[in-house]
Structure formats: C-alpha cells, structure tokens
Amino acid sequence: MDKLIIANWKMNPKTSKEAGELFLAIKEGIKSIKELEIVICPPFLWLKEFAKEAHSIKIGGQNCHWEAGGAFTGEISAQMLSAAGADYVILGHSERRHFLGETDDIINSKIKAALKAKLRPILCVGENKGEEMHIVLETQLMGALKDLSINQIKNLVIAYEPVWAVFSDEASSPDSALSANLFIKKILTKLYSRFLADRTPVVYGGSVNAKNAVDYILKSQMQGLLVGGASLESAEFSKIIQNVSKA
Ligand code: PGA
C-alpha cells in the first residue's frame, strides 16, 4: 500500500494567482516521486482547474454536503466534487466539528454521500486537550461509521489529528500517535475485522513539517500524513514528500 501525503490548504492561499503558483511549484518539486500517493485539497474554487492539470497528483475536497442537491445555500455535494475531478474528500475535520458544530451523525451522513459519489473519504478523528483519547476516538469512529458495512468502507482513510496539535506548532509525540494508531486499528477490528483494520490507512495530522514527518511514518507506523500549514510552502511540502519517500 502506497503512503498517502494529503495537503489540506484550508481557506488558503488568498488569490488564484498564488494558488496556481503553489500548485505548479508542488508539482515541479515532486515530479520524480512515484511511490507515494499525493492528494491536494484546495478550496472548491480551484478544484476543477487543478484536477485537469493534476497528472499523478490526486485532488480532494475539504468537505461535502450529505444531500445530492437542493436548497442548501453555500454547500457543495459529493457528486459535484466527483464530477469536478476530485477523488478524495476530507470529512469531520476538527475545525468543522468545533467551529461549525459538525456532529458524528452529520459526518456519518456525509461519509455515506461521499461513498455514493465514489469519493474516498478521509475521516478526521482526534481528542482535544483534557479529553481522554480512547473515549473520543471510539465515540467518533462508532458515530461516523454507523450502519456502514465492511464492503462500503473498504476505501476509507482515517486521519488521526489531535485537536491541540492542529495549527499549533505543538505536534503529537510519535509515541502517542502510535498508541492512537493502534487503538484506531483495534476499534476497526472490533467493528469490522482484522483484515479491514490492517488495510485501512491511518494517517497523522497536526503540525507536521519536514523535520518530524518521517517519525510519524517510522515510529508511529502511520500510513501517511495530513499536512495543513506546511503544505502552503512548496519547498517544505516537497521536502516532507521527499523525506517520506526515502524513509
Ligand atoms: P496543520 O493542519 O498541519 O497546520 O497543523 C493540519 C490539518 O488541519 O489538517
């Protein structure tokens, strides 16, 4: 299974010109990399244009609605993302859970919509400061995967992102990321099977940079990384990818 490196640009960069330049610079910086799956999740506005130029890079949305269409001002459906050329969609990101009130039920409906549109969901889970990691992970996984069969979730990606480590410069220690990884696999085994748990990629996110990236792959046994801030600097992001490809 190839390692996955996912860039979450969030609501950045500020102009189309900067976005286009960043995309081209990343493409250039990683053109010799073959053995990794690179996914860029830009704001919706640029998704279609990037998808046309992406070549080996995959494109993802940062969110989708649970309905296929209708009176939902400001929203975008999974089918629309898919038709625009996306292969992935990030769902349940902590910024949406905490600032926009997304619940596990809502995330569950969005995963179902994404799967129906043949998108690969990247389900974000993780505890906040002061919360018990095991309880939060179990609750979020059980809620988000409710009523989903083993067959339906075979293309799921799980991103472990402790909320306090996101956009904070305070990354998780590789040891605690390892215990979160093993615990996620344990829950997947309990809910589905060992086989499914083994083949579901778990990636780490939260203040990843070129210095700490390889630790999460080697010490935390992560299948990849979800990179926010550092994916907005082409040189740093390319370095993360190069370091992981050599690991
Ligand atoms: P960060 O963001 O790398 O800036 O901490 C990660 C994320 O939000 O997915």
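As the structure lists them, so they are numbered: ligands from 1, and atoms in each ligand from 1. Only a predicted model underlies this, so the values are computations on that prediction, with no experimental measurement involved.
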- salt bridge (charged side-chain N to carboxylate O under 4.0 Å, His left out) between E138 and K186, worked out: CA-CA 10 Å; E138 182 158 15; K186 192 170 152 190; over 6 Å; no
- For H93, the ligand 1 atoms with a heavy-atom partner under 4.0 Å come out as 7 (C), 8 (O), 9 (O)
- Query: Below 3.5 angstrom, do we get any N/O pair linking G205 and ligand 1?
  - Reply: no
- Query: K146 and side chain to side chain contact (heavy atoms under 4.5 Å, CB included): which partner among L141, N108, L191, I111?
  - Reply: N108
- Query: Can you tell me the protein heavy atom closest to atom 5 (O) of ligand 1 and the distance?
  - Reply: F167 N, 2.6 Å
- Task: Answer yes or no for A230: is there a heavy-atom contact with ligand 1 below 4.0 Å?
- Result: no
- Query: In terms of side-chain geometry, is the basic nitrogen of R97 or E102 positioned less than 4.0 Å from the acidic oxygen of its partner?
  - Reply: no
- Message: So that I can tick it off, tell me whether K52 and E49 are bridged by a salt bridge, with the cut-off set at under 4.0 angstrom between side-chain N and carboxylate O.
- Response: no
- Which of the atoms of ligand 1 are close to G206, meaning less than 4.0 Å from one of its heavy atoms? 5 (O)
- Going by the atom numbers of ligand 1, which of them fall below 4.0 Å from some non-hydrogen atom of L226? 9 (O)
- Task: Show which atoms of ligand 1 fall inside a sub-4.0 Å distance from at least one heavy-atom site of K10.
- Result: 2 (O), 7 (C), 8 (O)
- Is the shortest side-chain N to carboxylate O distance from K10 to E95 below 4.0 Å? yes
- Ionic contact status for K17 with E21, cut-off 4.0 Å: yes
- Task: For atom 7 (C) of ligand 1, state which one of E161, E170, E95 supplies the nearest heavy atom.
- Result: E161
- E35/K3 ion pair, N-O < 4.0 Å: no
- Taking the six-membered ring for Trp, are Y160 and Y204 parallel (under 30°), tilted (30 to 60°) or perpendicular (over 60°)? tilted
- Distance to 0.1 Å, residue and atom name: give those for the protein heavy atom nearest to atom 4 (O) of ligand 1. G229 N, 2.8 Å
- Message: Side chain, backbone, both or neither: which applies to A165 and ligand 1 if a contact is any heavy-atom pair less than 4.0 Å apart?
- Response: backbone
- Would the W9 and F237 ring centres measure less than 6.0 Å apart? no
- Item | N or O pair under 3.5 Å between S207 and ligand 1 | yes
- What part of V166, side chain, backbone, both or neither, has a heavy atom within less than 4.0 angstrom of ligand 1? both
- Query: How far is atom 3 (O) of ligand 1 from its nearest protein heavy atom, and which residue and atom name does that atom have?
  - Reply: G228 N, 2.9 Å
